[in-house]
There are 2 protein chains.
Amino acid sequence: MEEGSIHNQIRKLRFMHGEMTQQELADKVGVTRQTINAIEAAKYSPSLELAFKIAHAFDKPLEEVFTYEI
Amino acid sequence: MEEGSIHNQIRKLRFMHGEMTQQELADKVGVTRQTINAIEAAKYSPSLELAFKIAHAFDKPLEEVFTYEI
DNA sequence: ACGTGATGTAAAAAATATGTTACACACTAA
DNA sequence: TTAGTGTGTAACATATTTTTTACATCACGT
């Protein structure tokens with residue numbers, strides 16, 4: 001079973017959405033800014049539900065925000 | 001912040017992939033069949049990584065396997 | 001009736017994600 | 001310089017996911 005890693009475009013998307021801050025994104029999706037920070041830095045990957053919420057906050061499909069690379 | 005719920009097409013996709021058993025899917029993605037069973041029954045939603053692996057096992061984009069409905 | 005395979009379910013423990021609090025640094029504005 | 005804002009990070013606590021083990025039911029073939 002191949003091991004993969006999850007990458008994300010959060011930093012880029014925040015930038016493209018009017019320099020949205022980590023705090024603003026955190027408020028939109030209902031977590032703390034530390035959680036956003038950790039996910040953005042790929043310290044760990046979010047739950048599926050949180051991933052959906054983040055994608056929704058950017059009005060993007062999930063797979064344009066998070067990608068799984070083998 | 002609207003609460004949503006996550007639905008999945010695992011049962012349908014297993015069926016469409018030659019009656020793939022829960023055990024076979026579990027082996028493909030590296031978890032136990034109980035985990036597949038629980039996710040299929042929507043007892044809880046999987047981690048993002050596991051969700052990607054399951055989608056990959058069916059050769060489908062993630063959002064055709066899991067959907068987030070508000 | 002019997003054995004086997006697929007599935008549903010449950011409890012406890014382990015692993016991982018998230019929250020809380022706190023401190024630090026860089027940058028900008030006053 | 002001082003205050004404020006955005007960010008990085010760490011330790012500890014809590015919540016959620018996942019594993020392990022075990023037992024049950026149902027359908028099917030022999």
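Each chain gets a letter, A, B and so on, in the order the sequences are listed, and its residues count up from 1. For the numbers below, each heavy atom of this structure counts, side chains included, while hydrogens, waters and symmetry mates do not.
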Original post:
Does a salt bridge link B:R14 with B:E24, judged by any charged N lying under 4.0 Å from a carboxylate O?
Top reply: no
**OP:** Applying side chain to side chain contact (heavy atoms under 4.5 Å, CB included), run through A:F66 and A:Q9 and close with a yes or a no.
**Re:** CA-CA 7 Å; A:F66 298 95; A:Q9 307 293 323; over 6 Å; no
Subject >> Sugar-phosphate only, base, or nothing, as touched by A:S47 at under 4.0 Å among non-hydrogen atoms >> reply: sugar-phosphate
**OP:** Could you check whether A:T32 gets within reach of a base, just the sugar-phosphate, or nothing at all, counting any heavy atom under 4.0 Å?
**Re:** base
Expressed in angstrom and rounded to an integer, what is the separation of [X] atom [atom1] from [N] atom [atom2]?
X: B:Q23; N: C:dG8; atom1: CD; atom2: C1'; result: 14 Å
X: A:R33; N: D:dA10; atom1: CZ; atom2: P; result: 13 Å
X: B:I36; N: D:dT19; atom1: CD1; atom2: C1'; result: 13 Å
X: A:L48; N: C:dA17; atom1: CG; atom2: P; result: 13 Å
X: B:E49; N: C:dA17; atom1: CD; atom2: P; result: 8 Å
X: A:I39; N: C:dT18; atom1: CD1; atom2: C1'; result: 9 Å
X: A:L25; N: D:dG6; atom1: CG; atom2: C1'; result: 14 Å
X: A:F66; N: C:dA17; atom1: CZ; atom2: P; result: 12 Å

Counting heavy atoms from C-beta on, name the nucleotide in [options] closest to the side chain of [X].
X: B:L50; options: C:dC23, C:dA10, D:dT18; answer: D:dT18
X: A:K43; options: D:dA10, D:dG8, C:dT18; answer: D:dA10
X: A:S45; options: C:dA17, D:dG8, C:dG19; answer: C:dA17
X: A:T21; options: D:dT9, C:dT18, D:dG6; answer: D:dG6
X: A:Y44; options: C:dT18, D:dT19, C:dT7; answer: C:dT18
X: B:Q34; options: D:dT21, D:dT18, C:dT18; answer: D:dT21

**OP:** Please name the pair of heavy atoms, one in A:I39 and one in A:N8, separated by the smallest distance, quoted to 0.1 Å.
**Re:** O-ND2, 3.1 Å
Is the phosphate of [N] approached by [X] (side-chain N or O, under 4.0 Å from OP1 or OP2)?
X: A:R14; N: D:dT7; result: yes
X: B:R11; N: C:dA6; result: no
X: B:Q22; N: C:dG5; result: no
X: B:N37; N: C:dT7; result: no

Subject >> Contact nearer the 5' end of DNA chain C, comparing B:A38 with B:E24 >> reply: B:E24
**OP:** Please report the C-alpha distance between A:L50 and A:T35 in whole Å, then the side-chain angles of each, then the deciding distance to 0.1 Å, and finally whether the side chain to side chain contact (heavy atoms under 4.5 Å, CB included) criterion is met.
**Re:** CA-CA 10 Å; A:L50 181 50; A:T35 297; 4.0 Å; yes
Original post:
Taking A:I36 as the fixed residue, which of A:L25, A:T21, A:D27 is the one that meets the side chain to side chain contact (heavy atoms under 4.5 Å, CB included) rule?
Top reply: A:L25
**OP:** Determine, stepwise, if the pair B:L62 / B:V65 fulfils side chain to side chain contact (heavy atoms under 4.5 Å, CB included).
**Re:** CA-CA 5 Å; B:L62 192 149; B:V65 183; 5.9 Å; no
